[in-house]
Amino acid sequence: MKIYDVKYLTIVFLYLLLISHNSSANSSNSELFGENSRWSIDTSLRMTRNLDKSTNAYMQVIGLDVHKVFSHSTNDIGTLVFQPYIVKLNNVKNASFIFDDGNDTKLTWRIANFNYTGLAQGKFNIRIGHFEIPFGLEYQEDTNGTLRQLTIGDRGIKADWGVSVNGILPSVEYEVSLTRGSGNEFLSTGNPHLFSGRIGTPSYNNFITGFSWFTGDVLGGGGVTQRKKLGFDTSYYYYQWQFMMEMSVGETAGNNTLNSFAEVMWKSAQEDISSYLQVGYQRSEIDHKTSDKKAATSYWIAGIKWVGHNGFDISAQYKNKLKDTPTIDIDPIFNVQLRYRM
């Protein structure tokens with residue numbers, strides 16, 4: 001890691017900490033961004049250890065998390081979510097294509113959108129900006145900034161710039177979106193685009209099911225790739241346990257794909273400790289133009305997280321293969337992350 005990168009991130013961290021301290025001492029959150037708002041500074045340090053290759057990679061993140069509800073005298077107008085983050089990589093192999101290399105620093109956008117809810121009391125809303133693609137379990141669970149991820153790897157994109165209609169009806173929740181297909185970047189070459197959506201039962205139920213679709217051209221490191229998916233997901237909550245499953249079929253660059261995922265999570269009664277076990281399976285055609293041969297792989301992940309009462313949380317995760325093929329290799333990976341929200 002370069003010395004000036006460490007100094008730069010340290011200065012930014014101390015500056016934001018000073019702002020946070022002064023704001024807390026002199027004004028409340030509502031006074032800083034107006035009424036019905038909350039905000040925090042979010043910073044984390046993550047280490048990734050490849051146990052086969054005996055290499056370490058690091059990711060430092062610092063950002064701003066703002067939520068604000070705009071209201072009229074009789075009803076809410078909409079909700080603004082604004083989450084810009086600076087991400088610094090060090091010795092990261094196979095970094096996302098938005099970075100120049102595995103030692104780059106980049107401004108990224110987690111969520112940055114306004115959801116207009118003033119039309120029909122939440123039954124028909126219009127969202128515009130950068131938001132999570134409405135598909136499957138990943139759409140329901142807030143995994144941003146955590147080690148725990150669900151099925152994002154199946155689609156190659158988690159959040160995108162665009163517009164959606166969404167709402168909550170008595171027995172159905174839905175969101176349908178048309179987005180750019182470029183992820184973090186709004187401007188891109190190759191004219192990527194996505195049409196996606198999810199329709200499911202209310203998220204406040206103990207038993208939840210949903211149907212999702214995802215079709216379009218997605219921008220990645222190798223250019224634009226055509227992707228299509230249909231998925232089904234289900235979740236069940238039983239006291240301190242959560243059981244989730246997702247299955248999807250589709251195509252990636254014309255090759256047929258099949259993906260399945262399951263997770264069991266436990267939380268303590270105080271919800272300060274959680275642990276989870278995940279199992280995933282993926283199968284795809286190698287090259288549909290030359291043969292019908294398929295490659296399949298499966299993996300398992302175990303993780304644990306502790307959340308303190310002072311804004312700190314510590315998490316660790318281990319991933320390893322159950323079965324791999326020469327075309328899809330999975331190295332044993334150990335992650336640990338320290339996060340602080342002030």
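The figures here come from the full heavy-atom set of this structure, side chains too, leaving out hydrogens, waters and symmetry mates. In this text, all values refer to a predicted model and were calculated from it rather than measured experimentally.
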* Parallel, tilted or perpendicular, as decided by the 30° and 60° cut-offs, for the rings of Y340 and F312 -> parallel
* Residues, nucleotides or ligands: over 12 heavy atoms within 6.0 Å of N94 CG -> no
* D313 side chain near K305 side chain, heavy-atom distance below 4.5 Å -> yes
* Structure fact -> The salt bridge (Lys or Arg N to Asp or Glu O under 4.0 Å) partners of E138 (sequence neighbours excluded) come to K158
* Please check if any side-chain donor atom of T117 sits under 3.5 Å from a side-chain acceptor atom of N125, or the reverse. => no
* Does the ring center of F211 lie less than 6.0 Å from the ring center of F232? -> no
* Is R339 salt-bridged to D42, cutoff N-O under 4.0 Å? -> yes
* Asked: Of the non-hydrogen atoms in N91 and N103, which two are nearest, and what is the gap between them?
  -> N-OD1, 2.8 Å
* Report the distance from atom OG of S44 to atom CE of M59, rounding to the nearest 0.5 Å. => 6.0 Å
* Asked: Are E141 and R148 ion-paired here, with the side-chain N under 4.0 Å from a carboxylate O?
  -> yes
* E251/K229 ion pair, N-O < 4.0 Å -> no
* If every non-hydrogen atom of V218 is compared with every non-hydrogen atom of R227, which pair is closest and at what distance? -> CG2-CD, 3.8 Å
* With a cut-off of 6.0 Å (strictly less than), are more than 12 heavy atoms of other residues, nucleotides or ligands near CD of Q240? -> yes
* To do: Answer yes when E185 and K106 have at least one side-chain N-carboxylate O distance shorter than 4.0 Å, and no when they do not.
  => yes
* Asked: For the rings on H130 and W109, is their centre-to-centre separation under 6.0 Å?
  -> no
* Asked: Crowded around K294 NZ? As in, over 12 foreign heavy atoms under 6.0 Å?
  -> yes
* Asked: Are R198 and F135 in a cation-pi setup, meaning NZ or CZ lies under 6.0 angstrom from the ring centre and within 45 degrees of the ring axis?
  -> no
* Does any N or O in the side chain of T48 come within less than 3.5 Å of the main-chain N or O of N335, such that one atom is a donor and the other an acceptor? -> no
* To do: Determine whether the aromatic ring centres of Y318 and W300 lie less than 6.0 Å apart.
  => yes
* Asked: Hey, does the Lys NZ or Arg CZ of K319 hover above the aromatic six-ring of Y299, less than 6.0 Å from the centre and inside 45° of the axis?
  -> yes
* **L150 side chain near Q278 side chain, heavy-atom distance below 4.5 Å** => yes
